[in-house]
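Below you'll find the structure, written out as structure tokens, and then a few comments.
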Amino acid sequence: MTGKISWFVLAGGSSTLEERLILAGFDRDAVNQALAILPMPETPSFLKAVRPRFDVHVFGQVASTNATLWAMAGAQAGTVAIAHTQTAGKGQRGKQWESSLGGVYLSVMLEPDWPADRAAQLTLCSAWGIVSQFRWLGIPAQIKWPNDIVVAGQKLGGILSESKLERGTIARAVIGVGINVYNPVPVTGVTWHKLTKVKGKEAVASLSEVAAAVLLGIWRGVFYRNHIDGKSFTDAYQSLLTNLNMPVVLEGKALRVVGVTEAGHLTLKSSSQVSRDVNQTVDQLVYIKPGELSLGYSHTDIE
């Protein structure tokens, strides 16, 4: 792997985060090296037999890696834009994504040729793949519906998928991802550095390695979905979902999360009694589209 970030003091004073980034070699060559040798999950076995190739471009600062990639001449499937910082990073529902120095901010272009009604699965596939890859590297990540990567209920990263349609199919898509590594985070967030420090053992530590883990995860998720049926993939996704059985109050009604549909809708269930005279309940299912409900974050201590 690439070298770990050096925390020694440079001659003449304490090192800055910018200097640490230089020491870590957060550049195209380092990302490509990490892509070539980073460990990948053993299962499914057919995914481990193939290692993808990417066309990586690393920038010091951009407005948004998604916007940069869309505007990049010659960008095609596998083209990647990575930035040390973003000035106008985007999150879900138009929210700004804080993109301070020390995080991983990247976008990768895909050409899935999927039906337009499968657009939401781009986020599901990416989330499943990234979380699977992180867990293989020792980070106990889970998926928070619809697009967040969390550890113990605290946000480690997020995903933003954008697509362009041609004749009813997704001709091109850009998957944007932000991961907290060494950058400042709010109280609801957590960093990769804190997680590896708490675990007290050697782990992937450089920004280049984390970026490579994200890219490999996205590729694994999309490739996996292309080779299995929708129900099998949804079951795999739900196995990593932190929200299962979570209680939710919607319009005054008590419900709980029971899963996610192939279309990416959150499935809630409520139980109501048929009548006062009949001791029988009827389950009712409610389907929520991404953006219609926020599930919030927890503040569980990470041990």
Side-chain angles (χ1 to χ4, degrees), residues 31 34-35 38-44 47-48 50-52 54 56 65-66 69 78 80-83 89-92 97 99 103-110 112 120-162 173-181 183 185 189-193 195-196 203-226 228 233-234 236-243 260 264 290 297:
V31 174
L35 284 167
L38 200 69
M40 295 173 66
E42 297 286 346
T43 56
L47 290 178
K48 194 174 185 297
V50 182
R51 189 171 287 266
F54 297 93
V56 177
T65 56
N66 272 26
L69 193 50
V80 178
I82 300 175
K90 296 183 291 183
Q92 288 286 339
W97 177 272
S99 308
V104 165
Y105 316 108
L106 64 79
S107 299
V108 59
M109 183 166 287
L110 306 174
Q121 289 197 12
L122 291 168
T123 299
L124 271 63
C125 294
S126 300
W128 176 85
I130 293 170
V131 167
S132 297
Q133 181 68 47
F134 283 7
R135 292 172 73 91
W136 186 252
L137 298 175
I139 301 297
Q142 291 182 289
I143 302 167
K144 174 182 169 290
W145 181 86
N147 68 313
D148 285 342
I149 300 163
V150 299
V151 175
Q154 296 174 285
K155 186 169 182 174
L156 178 63
I159 302 167
L160 177 65
S161 302
E162 299 174 332
V174 167
I175 311 298
V177 180
I179 302 293
N180 301 320
V181 185
N183 53 298
V185 295
V190 68
T191 66
W192 188 285
H193 174 57
L195 294 169
T196 54
V204 167
S206 77
L207 296 176
S208 297
E209 290 169 333
V210 176
V214 170
L215 292 172
L216 291 173
I218 294 171
W219 173 83
R220 290 184 77 255
V222 174
F223 195 84
Y224 184 50
R225 178 61 187 89
N226 276 337
I228 63 170
F233 177 78
T234 302
Y237 174 90
Q238 289 180 164
S239 72
L240 299 177
L241 191 65
T242 190
N243 310 110
V260 174
Y297 299 93

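Predicted, not measured: the structure shown is a model, and the values here were computed from it.
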Requested in this report: For residues L137 and A213, report the shortest heavy-atom separation together with the two atoms involved.
Outcome: CD1-CB, 3.7 Å
Report task. Taking side-chain hydrogen bond (donor to acceptor under 3.5 Å, both in side chains) as the test, write out the residues that go with T65, two or more places apart. Result -> Q86, S107
Query - Short side-chain to backbone donor-acceptor contact, Q238 and V260, under 3.5 Å - result: yes
Report task. Assess whether side-chain contact (heavy atoms from CB on, under 4.5 Å) is satisfied between V56 and L35, documenting all intermediate values. Result -> CA-CA 10 Å; V56 177; L35 284 167; 4.2 Å; yes
**Report entry** Closest non-hydrogen atom pair between N243 and W145, with its separation
**Finding:** OD1-N, 2.8 Å
Requested in this report: Applying side-chain contact (heavy atoms from CB on, under 4.5 Å), run through I159 and I175 and close with a yes or a no.
Outcome: CA-CA 7 Å; I159 302 167; I175 311 298; 3.9 Å; yes
**Report entry** Closest non-hydrogen atom pair between A141 and I149, with its separation
**Finding:** CB-CG2, 4.0 Å
Query - Where L215 and L106 come nearest, the two heavy atoms and their spacing - result: CD2-CD1, 3.8 Å
Query raised in the report: What are the two closest non-hydrogen atoms of P146 and T123, and how far apart are they?
Result: O-CG2, 3.5 Å
**Report entry** Counterpart residues, side-chain hydrogen bond (donor to acceptor under 3.5 Å, both in side chains), relative to R225 (two or more places apart)
**Finding:** Q121
Query raised in the report: What is the distance from atom OG of S161 to atom CG of L124, rounded to the nearest 0.5 Å?
Result: 9.0 Å
Query raised in the report: Of T242, I130, V150, L241, which meets side chain to side chain contact (heavy atoms under 4.5 Å, CB included) against I143?
Result: L241
Requested in this report: Would you mind listing every salt bridge (Lys or Arg N to Asp or Glu O under 4.0 Å) that reaches into residues 123-144, with sequence neighbours excluded?
Outcome: K144-D148
Report task. Sequence neighbours left out, what passes ring-ring contact (aromatic ring centres under 6.0 Å, His included) with F134? Give chain and number order. Result -> W192
Query raised in the report: So, does N180 use its side chain to make a donor-acceptor pair with the main chain of K155 at under 3.5 Å?
Result: yes
Requested in this report: Apply side-chain contact (heavy atoms from CB on, under 4.5 Å) to V174 and M109, showing your working.
Outcome: CA-CA 5 Å; V174 167; M109 183 166 287; 3.9 Å; yes
Query raised in the report: How would you list, by chain and number, every residue that makes a ring-ring contact (aromatic ring centres under 6.0 Å, His included) with W219, sequence neighbours excluded?
Result: F223
Requested in this report: Might you point out which heavy atoms bring T191 and V181 nearest each other, and give the distance in Å?
Outcome: CB-O, 3.2 Å
Query - A236 backbone acceptor or donor facing S239 side chain under 3.5 Å - result: yes
Report task. Mark yes or no for whether N147, through its side chain, and G158, through its backbone, hold a donor-acceptor pair below 3.5 Å. Result -> no
Requested in this report: May I ask you to test the R220-P44 pair for a side-chain heavy-atom distance under 4.5 Å?
Outcome: yes
Query raised in the report: Between CG of L110 and OG of S126, what distance do you get to the nearest 0.5 Å?
Result: 6.5 Å
Requested in this report: Could you list the residues that satisfy ring-ring contact (aromatic ring centres under 6.0 Å, His included) with Y224, not counting sequence neighbours?
Outcome: W128
Query raised in the report: Would you find a donor on one side and an acceptor on the other, under 3.5 Å apart, between the side chain of R51 and the backbone of L216?
Result: no
Report task. Check whether any side-chain heavy atom of P41 sits under 4.5 Å from a side-chain heavy atom of L47, and report yes or no. Result -> no
Query raised in the report: How far apart are the C-alpha atoms of L207 and I82, what are their side-chain angles, what is the distance that settles it, and do they pass the side-chain contact (heavy atoms from CB on, under 4.5 Å) test?
Result: CA-CA 11 Å; L207 296 176; I82 300 175; over 6 Å; no
